[in-house]
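What you see is a predicted model; the values in this text were computed from it and never measured.
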Amino acid sequence: MLTGTGRRDTADRARDEETDMTVAAARAVRFDRYGDRDVLYVADVEMPAPGPGEVVVEVRAAGINPGEAAIRSGAMHDMFPATFPSGQGSDLAGVVTAVGSGVTEFSVGDEVLGFSLRRSSHATHVAVPVGQLIRKPPQLSWEAAGSLYVAGVTAYAAVRAVDPQPGETVAVSAAAGGVGSLVVQLLVLRKAVVLGIAGQDNADWLRDHGVIPITRGDGLAERLRQAAPGGIDAFIDLFGPEYIELAVDLGVAPERIETIISFQKAAEVGAKTEGSMDASTPEVLAELADLIARGAIDLDIAATFPLDRVADAFEVLEQRHTHGKIVLLPGVSE
């Protein structure tokens, strides 16, 4: 026969077991060494707890980005070394499930979007400082909200770097990709004449968004000259160093050339390399979210994958010719 103390002990153990089950419910992408996509796996992890000034977000959507593939492969070890086991992911959108001390900006149940700087958003739950989150506009889909940060602020920074004036001609490589599709739309909003370099299969999308499509490949320089007989005022490279060389050959001033990827070549010619960290503010994120929510620009979703298929998602991404964003949906099962 149980005594009163025994019943309390039993109840306490039951609550502890329930808490342990809740803690074990969080899952996150991990990798233990640099390598190809096969080093990625999904692990059960301790449920994050919010620190002071933080909230825990149950992640509904999290975009993937080329920089994450470069970090995971070890290609960016000198700049962004990994500590193993490493998580990954910056973009996120979801619902607040816990708030830390001192937090007044958000409450449990709020829908938010933003970013993690801890390589942690490819997970079911993540703790995030409130200064890295904004409220999700209700018109914004989870997929768009969860993939906005890296592509959005990178595009914003790239456009700001070349400072396009109305009527100026700006060429953009990889113009239909996750970043490029936002860059060209932001340029159009600035009333620039935009030459979008992409595959022929993206020509209709570019044209529909006010961009002059220029097919990549052999003869590109001549096609650009024909499209801009008065010259090209600025060039945004989103693909590789060959486009910086092309911009120089076309007579674009180095201070009007911007790249988000070709840092060594940029240093050689004096081009700019402004990227996501140059525009990572809640104000920029809110401006971009508002533009998308009210239909001023489109953020297209190329594909979605459950968290367990993170390697498949990166296989598609690393083909480098996908139009729009690829998004993980942590709450979705295979």
Are any side-chain N or O atoms of Ser147 and backbone N or O atoms of Gly63, one a donor and one an acceptor, separated by less than 3.5 Å? no
Run Leu291 and Leu189 through side chain to side chain contact (heavy atoms under 4.5 Å, CB included) and show every step you take. CA-CA 10 Å; Leu291 287 171; Leu189 287 179; 4.2 Å; yes
Is the side chain of Asp163 donor-acceptor paired with the backbone N or O of Arg160 at a distance under 3.5 Å, no angle test? no
Give me the ring orientation class for Phe31 and Tyr34: parallel if the planes are under 30° apart, tilted from 30 to 60°, perpendicular past 60°. tilted
Between Glu318 and Arg72 (salt bridge meaning N to carboxylate O under 4.0 Å), is one present in this structure? yes
Side chain Ser73, main chain Ala70, donor-acceptor under 3.5 Å: yes
Hey, is the main chain of Glu287 close enough, under 3.5 Å, to the side chain of Asp290 for a donor-acceptor pair? no
Note, Leu238 side chain near Ile261 side chain (heavy atom, < 4.5 Å): no
Side-chain donor or acceptor of His125 paired with backbone N/O of Ala28 under 3.5 Å: no
Is it true that Asp32 and Tyr41 share a donor-acceptor pair across their side chains at a distance under 3.5 Å? yes
Counting N and O atoms only, with roles assigned by atom type, does the side chain of Glu258 sit under 3.5 Å from a partner on the main chain of Val162, one being a donor and the other an acceptor? no
Identify whether the distance between the nearest side-chain nitrogen and carboxylate oxygen of Arg118 and Glu54 falls below 4.0 Å. yes
Does a donor on one side chain and an acceptor on the other come within less than 3.5 Å for Ser280 and Ser276? no
Just wondering, do Leu92 and Leu133 contact through their side chains at under 4.5 Å, heavy atoms? yes
Counting N and O atoms only, with roles assigned by atom type, does the side chain of Arg225 sit under 3.5 Å from a partner on the main chain of Leu250, one being a donor and the other an acceptor? no
Before you tell me yes or no, could you show the steps for Asn202 and Gln200 under side chain to side chain donor-acceptor pair (under 3.5 Å), namely the whole-Å CA-CA distance, both residues' side-chain angles and the distance that decides it to 0.1 Å? CA-CA 5 Å; Asn202 290 304; Gln200 182 60 41; over 6 Å; no
Contact between Pro241 and Gln264 at the side-chain level, heavy atoms closer than 4.5 Å - yes or no? no
Side-chain donor/acceptor of Gln185 to backbone N/O of Asp298, under 3.5 Å: yes
Does Asp300 reach the side chain of Trp205, with side-chain heavy atoms less than 4.5 Å apart? yes
Side-chain contact test, heavy atoms from C-beta onward, threshold under 4.5 Å: evaluate it for Ile244 versus Val269 and give yes or no. yes
More than 12 foreign heavy atoms under 6.0 Å from CG of Asp249: is that the case here? yes
Check this for me, if you would: do Glu245 and Lys265 make a salt bridge, where the nitrogen-to-carboxylate-oxygen distance has to be below 4.0 angstrom? yes
For the pair Ser141 (side chain) and Ala144 (backbone), establish whether a donor and an acceptor sit closer than 3.5 Å, ignoring hydrogens and angles. yes
Honestly curious: do Tyr149 and Ile64 fall in one hydrophobic cluster under the side-chain, below-4.5 Å linking rule? no
Please walk me through it: do Glu242 and Leu246 pass side chain to side chain contact (heavy atoms under 4.5 Å, CB included)? CA-CA 6 Å; Glu242 63 270 28; Leu246 174 61; over 6 Å; no
Working note: Glu111 + Arg135, criterion salt bridge (charged side-chain N to carboxylate O under 4.0 Å, His left out); need CA distance, chi angles, decisive distance, verdict. CA-CA 6 Å; Glu111 296 182 350; Arg135 294 184 184 277; over 6 Å; no
Are the side chains of Asp237 and Ile260 in contact, using a 4.5 Å heavy-atom criterion? no
Whether Lys136 and Asp110 form a salt bridge (side-chain N of Lys/Arg under 4.0 Å from carboxylate O of Asp/Glu) is what I want to check. no
Hey, quick one: are Val170 and Ile257 part of the same hydrophobic cluster, counting side-chain heavy atoms closer than 4.5 Å, chains of contacts allowed? no
Pairing of Arg256 and Glu168 as salt bridge, 4.0 angstrom limit: yes
Is the NZ or CZ atom of Arg216 positioned over Phe239's six-membered ring, under 6.0 angstrom from the centre and within 45° of the axis? no
With no hydrogens and no angle check, is any side-chain donor or acceptor of Ser116 less than 3.5 Å from a backbone partner on Ser90? no
Answer yes or no: does atom CZ of Arg33 have more than 12 heavy-atom neighbours from other residues, nucleotides or ligands under 6.0 Å? no
If we only count heavy atoms from C-beta on, is the Val95 to Arg60 side-chain gap below 4.5 Å? yes
Would you say the side chain of Leu224 lies within less than 4.5 Å of the side chain of Ile197, judging by non-hydrogen atoms? yes
